[in-house]
Amino acid sequence: MRERWKWGKVLCAGLLLCACTDDEGDDTLASAPERLVGSVEDSDVAVAVVSDGAQTRVFFCGGDSSYATATRWFNLALDGDTLNADDGAWHLRATRDRAGVHGEITHDPDEARKFEAVPVAKGTLAGLYEGKAGCGRLGLIVRQPDLDSDPAAQGACVGDG
């Protein structure tokens with residue numbers, strides 16, 4: 001019974017959230033976060049960005065050949081339309097505009113790689129999904145360019161070390 005109540009609350013919250021957009025796709029909730037997904041050039045790394053205008057989370061998720069070396073979370077304050085972060089051997093430099101977030105990610109001693117994340121298409125499953133588990137912080141990036149495309153997902157669990 002308790003499980004049924006829990007799922008009922010989730011369904012109601014989802015319906016309420018869906019009801020808060022108009023027919024033209026404009027969010028009517030001022031606090032709705034901006035969601036973007038994309039990739040890092042010449043690699044199998046996916047990137048997702050979630051921003052509320054003040055705080056931003058950026059998740060780089062390595063693919064089959066790079067998940068152990070190219071998976072990294074960044075939590076940072078947005079400085080205007082600029083995203084900058086230095087965390088040990090990791091360096092993030094990016095800017096945000098209407099077309100998305102564009103920049104470079106560097107993991108020393110490798111060369112900087114360009115990346116781009118674009119806004120998710122309305123009504124798709126695209127975005128960044130987050131959670132916690134025994135292995136650490138979970139991140140799942142779902143890309144779906146439009147409603148007619150099948151979604152593709154890439155994720156990892158990032159623990160200490």
Side-chain angles (χ1 to χ4, degrees), residues 6 10 13-14 17 20-21 25 27 29-146 149-161:
K6 177 180 159 186
V10 170
L17 182 61
C20 292
T21 59
D27 290 327
L29 291 176
S31 62
E34 181 179 23
R35 300 176 302 133
L36 306 103
V37 295
S39 60
V40 177
E41 76 174 4
D42 299 326
S43 74
D44 61 354
V45 180
V47 61
V49 179
V50 177
S51 180
D52 67 4
Q55 297 294 314
T56 302
R57 284 185 313 286
V58 182
F59 179 53
F60 290 92
C61 184
D64 290 341
S65 68
S66 63
Y67 70 89
T69 59
T71 301
R72 184 66 171 194
W73 284 95
F74 290 92
N75 296 310
L76 50 134
L78 188 61
D79 182 16
D81 287 329
T82 302
L83 296 167
N84 289 313
D86 293 300
D87 188 8
W90 289 87
H91 311 284
L92 169 67
R93 302 287 179 265
T95 57
R96 181 180 74 160
D97 59 28
R98 288 188 177 271
V101 173
H102 320 278
E104 293 184 335
I105 184 71
T106 307
H107 183 214
D108 296 336
D110 296 333
E111 296 290 320
R113 289 184 184 248
K114 291 184 181 187
F115 73 89
E116 177 178 57
V118 298
V120 300
K122 182 182 185 304
T124 65
L125 297 174
L128 174 61
Y129 297 83
E130 304 175 55
K132 292 186 178 184
C135 60
R137 186 174 182 184
L138 299 169
L140 178 68
I141 298 171
V142 177
R143 292 182 277 187
Q144 186 180 14
D146 54 54
S149 301
D150 289 333
Q154 188 167 316
C157 186
V158 180
D160 293 337

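Computed from a prediction, not measured in an experiment: that's the story for all the values here. Throughout, numbering of the chain's residues begins at 1 and tracks the sequence.
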field: Exercise: identify the closest heavy-atom pair between A117 and V49
entry: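 Between these two residues, the closest heavy atoms are CB-CG2, 4.1 Å.
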Distance-minimising heavy-atom pair for S51 and R96: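 So the minimum-distance heavy-atom pair works out to OG-NH1, 4.0 Å.
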task: Take atom CG of D97 as the centre, draw a 6.0 Å sphere, and report whether it contains more than 12 heavy atoms from other residues, nucleotides or ligands.
output: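 Yes, because the 6.0 Å sphere around CG of D97 holds more than 12 heavy atoms from other groups.
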task: Measure from the side-chain N and O atoms of R143 to the backbone N and O of V120, and report whether any donor-acceptor pair falls under 3.5 Å.
output: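 No.
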- request: Please round to the nearest 0.5 Å and tell me the distance separating atom CZ of F115 and atom CD of E41.
  value: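 One gets 11.0 Å once the value is rounded to the nearest 0.5 Å.
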Distance, nearest 0.5 Å, that separates OG1 of T71 from CD of Q154: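 These two atoms lie 8.0 Å from each other.
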task: Would you list the pairs meeting ring pair (Phe, Tyr, Trp, His ring centres under 6.0 Å) in which at least one residue belongs to residues 85-106, sequence neighbours left out?
output: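 Every pair satisfying ring pair (Phe, Tyr, Trp, His ring centres under 6.0 Å) with a residue in residues 85-106: W90-H107.
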- prompt: In this structure, which one of D86, T82, L83, I105 forms a side chain to side chain contact (heavy atoms under 4.5 Å, CB included) with R93?
  reply: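 By the side chain to side chain contact (heavy atoms under 4.5 Å, CB included) criterion, R93 pairs with just one of D86, T82, L83, I105: D86.
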message: Please determine whether side chain to side chain contact (heavy atoms under 4.5 Å, CB included) holds for the pair V37 and V142, giving the CA-CA distance in whole Å, both sets of side-chain angles, and the decisive distance to 0.1 Å.
response: CA-CA 8 Å; V37 295; V142 177; over 6 Å; no
field: Derivation of the side chain to side chain contact (heavy atoms under 4.5 Å, CB included) call for L92 and L76
entry: CA-CA 11 Å; L92 169 67; L76 50 134; 4.2 Å; yes
Check residues 59-68 and write down every donor-acceptor pair under 3.5 Å in which the side-chain atom is one partner and the other belongs to a residue at least two apart or another chain.
unit_1, atom_1, unit_2, atom_2, d
S65, OG, D44, OD2, 2.9
S66, OG, D44, OD1, 2.5
S66, OG, G63, N, 3.1

- prompt: Who pairs with R113 by salt bridge (charged side-chain N to carboxylate O under 4.0 Å, His left out), at least two apart in sequence or on another chain?
  reply: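 Salt bridge (charged side-chain N to carboxylate O under 4.0 Å, His left out) list for R113, sorted by chain: empty.
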field: NZ/NE/NH1/NH2 to OD/OE distance under 4.0 Å, R57 and D52
entry: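 No salt bridge links R57 with D52.
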- request: Might you work through the side chain to side chain contact (heavy atoms under 4.5 Å, CB included) test for V58 and T56, ending with a clear yes or no?
  value: CA-CA 7 Å; V58 182; T56 302; 4.0 Å; yes
